[in-house]
Amino acid sequence: MLLVEDLRVEIDGKEILQHIDMEIQPGEVHVLFGPNGSGKTSLLMTLMGYPQYKVTYGRIEYKGVDITNMPVNERAQMGMGVMYQRPPTIHGLKTRHMVNICSGNGGNEEELAQLVNMQDFLDRDLNAGFSGGELKRSEILQLMAQAPDLVLLDEPESGVDLENILLVGEAINRLLEREIHRENSITICQSKEQRSRSGLIITHTGFILDYVTADIGQVLYKGHMSCKSNPREVLRCIDKFGYGECVRCVI
Amino acid sequence: MRDLGDKAKKAEKKRAAIGSDIDLAQFFDPAPREYLEDPESLDQETRDRLLISGVDVTQQGRSGTYIQMDGSVVHSCTRQEGVEVISIRDALKKYDWVKEYFWNAVQVDADKYTAQAELKLQDGYFIRSLPGAKTVDPVQACLYIDTDGSAQNVHNIIIAEEGSELHIITGCATSPHLRRGLHVGISEFYIKKGASLTFTMIHNWAEDMFVRPRSASIVGEGGLFLSNYISMTPVKSLQMYPATTLAGEGAVARYYSILVGSPGSVLDVGGRVRLAARNTRAEIVARSISNGGTIINRGHLIGEVEGIKAHLECKGLILNGGIIHAVPELEGRVDNVEMSHEAAVGKIAEEAILYLMSRGLSEDDATSTIVRGFLNVEMEGLPAVLQKEVDRAIKASEETMM
């Protein structure tokens with residue numbers, strides 16, 4: 001699905017990511033841990049093609065296509081989507097209209113909004129005065145409409161109160177085809193094998209793992225990647241020793 | 001009436017308080033035009049120009065029509081009971097009392113433009129809703145300029161009698177070949193006790209047009225005046241500063257304007273509302289986009305009695321050079337007034353464009369979606385048919401703007 005090879009990235013002439021390698025298979029969900037300022041969001045924005053992030057070396061391949069220099073909207077059209085941590089407010093643009101833009105004129109705004117309890121927000125200006133949890137639900141609503149094959153989630157649990165976290169977690173599971181439900185036609189095991197959506201979740205607390213299942217964990221520290229293993233194990237290490245242990249790795 | 005003439009004569013050379021000074025002598029009086037029994041006999045080109053200003057010659061869904069070409073009324077009619085649409089000259093002849101309203105809200109000697117409108121009056125419309133009459137369909141009025149280099153001097157009076165409801169859409173436009181001209185328009189609005197008036201004005205001028213509207217309104221007890229103004233096409237120089245007096249308890253005035261300043265255009269648009277009675281409310285909302293032109297947005301709210309509430313909102317977007325100058329003024333003159341303003345001038349946030357692009361829109365589509373949102377002012381209380389005309393006007397000028 002996604003292949004990142006020896007990626008180096010600069011912003012305003014300053015190198016912020018070094019030698020990043022990453023491979024996400026179809027159906028896989030990766031979690032990227034790292035303290036604030038380690039370059040997690042920069043990596044996500046680079047993957048999505050934000051122009052202020054300059055790739056100086058290496059390449060990004062998505063669905064077998066080199067997208068290193070592809071504009072943001074073309075990446076979106078190829079099936080990449082971002083759940084933003086702090087999405088901008090757009091005055092005068094109704095949430096309903098935005099959902100419709102995401103779905104390419106799908107016309108099923110009401111139905112989707114119901115899934116994340118956002119019906120009352122459809123006729124409000126996009127993200128205007130939304131609370132933390134409402135912003136996340138708005139983002140998930142847009143992504144459900146966009147239906148990307150690779151979802152990049154930037155700190156999905158940040159700013160969400162306890163009441164909302166369960167709903168947000170479940171909605172993310174749905175988005176990543178990770179809800180557990182039984183169908184008569186196929187076994188749960190078969191349905192797991194049929195998953196095609198991939199995800200890359202970045203988090204510095206790891207709380208989201210209580211609600212969303214993930215396959216592979218990695219740590220990004222000062223622009224370097226390390227510690228690729230089971231996400232729970234990575235989290236336990238960080239819990240025990242903090243990101244301080246990463247200093248030793250990077251050196 | 002002779003008294004008015006004398007006063008006007010004295011103000012003939014009086015410069016306006018704001019706006020560049022115009023040499024009125026460079027514009028001539030246009031030749032008279034023939035009256036048309038059927039406005040559908042107008043050529044297609046003219047009809048199209050009228051339509052983008054909200055005036056439909058088929059008159060479907062309209063309760064009355066007034067069309068003036070240059071200095072002459074070419075058609076006027078009333079199609080529903082309870083509303084009257086005639087030319088101001090006819091009104092002055094027909095009703096003795098009209099002169100009580102003529103130069104009452106606007107002073108004839110305010111400046112050289114008001115003076116010219118008196119001394120060289122051509123015509124104008126008189127629209128009145130009768131007491132208690134509630135018309136759903138709007139009256140449409142158009143002031144059209146066809147003769148290059150000419151001056152149009154009009155005087156309009158609008159009266160919403162007690163308890164009535166009146167909707168008006170008025171378009172000012174120039175013929176496609178016209179480049180240069182002058183429009184001086186006096187408008188006096190009288191909204192009586194318990195009446196409501198929505199007035200939607202769409203301007204489509206030409207690149208070398210000079211425009212000096214002079215309007216004022218008086219709103220009585222429990223009355224509502226909703227004024228929407230749209231000017232998105234090039235104009236050389238436009239300056240207007242309508243004044244409203246909320247004279248009766250609980251009267252409400254709302255002004256919404258959407259302006260686009262193209263290269264070479266100067267738009268100086270504002271408004272003053274005097275809240276002169278208890279529990280009156282006023283709101284001025286302006287959205288301006290500069291595309292290389294100059295826009296001056298003025299707004300002045302004056303709270304004269306206790307218990308009033310007023311808000312001014314003025315937002316500007318500089319898209320492609322130019323100047324936006326916001327001048328919001330609040331003036332509270334007694335205790336217990338509630339007045340506020342919000343003004344902002346800026347650009348489209350790059351972050352917002354990229355956000356929409358990451359949902360699959362191209363850069364151009366993302367930009368126009370944001371601009372459309374910026375212009376999407378919710379004109380509270382505007383009937384659907386007028387909202388449609390407003391949307392059409394915005395859409396029509398969007399293509400030239402982007």
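Chain A is the first sequence line, chain B the second, and so forth, proteins listed ahead of strands; every chain is numbered from 1. Nothing here was measured: the structure is a model prediction, and the numbers come from that model.
- Residue contact with chain B, scored on non-hydrogen atoms closer than 4.5 Å, is absent for A:Met78.
- Under the side-chain hydrogen bond (donor to acceptor under 3.5 Å, both in side chains) criterion, B:Asn320 pairs with no residue at all, not counting sequence neighbours.
- The shortest heavy-atom contact between B:Ala352 and A:Pro88 is CA-CG, 4.1 Å.
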Present all donor-acceptor pairs from chain B to chain A with distances below 3.5 Å, rounded to 0.1 Å.
residue, atom, partner, partner atom, Å
B:Tyr355, OH, A:Asn127, ND2, 3.3
B:Tyr355, OH, A:Glu139, OE2, 2.4
B:Tyr355, OH, A:Gln142, OE1, 3.3
B:Tyr355, OH, A:Gln142, NE2, 3.2
B:Ser358, O, A:Gln146, NE2, 3.3
B:Ser358, OG, A:Tyr84, OH, 2.7
B:Arg359, NE, A:Gln142, OE1, 2.7
B:Arg359, NH1, A:Val82, O, 2.7
B:Arg359, NH2, A:Glu139, OE1, 2.8
B:Arg359, NH2, A:Glu139, OE2, 3.2
B:Arg359, NH2, A:Gln142, OE1, 3.1
B:Gly360, O, A:Gln77, NE2, 2.8
B:Asn376, ND2, A:Gly92, O, 2.9
B:Glu378, OE2, A:Lys94, NZ, 2.8

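- In this structure, the portions of A:Leu93 lying under 4.5 Å from any heavy atom of chain B include both its backbone and its side chain.
- Each ring pair (Phe, Tyr, Trp, His ring centres under 6.0 Å) pair with one or both residues in residues 102-134 of chain A, not counting sequence neighbours, appears once here: A:Phe121-A:Phe130.
- Residues satisfying the side-chain hydrogen bond (donor to acceptor under 3.5 Å, both in side chains) criterion with B:Ser231, sequence neighbours excluded, are absent altogether.
- Contact check for B:Leu354 versus A:Pro51: side-chain heavy atoms found under the 4.5 Å cut-off.
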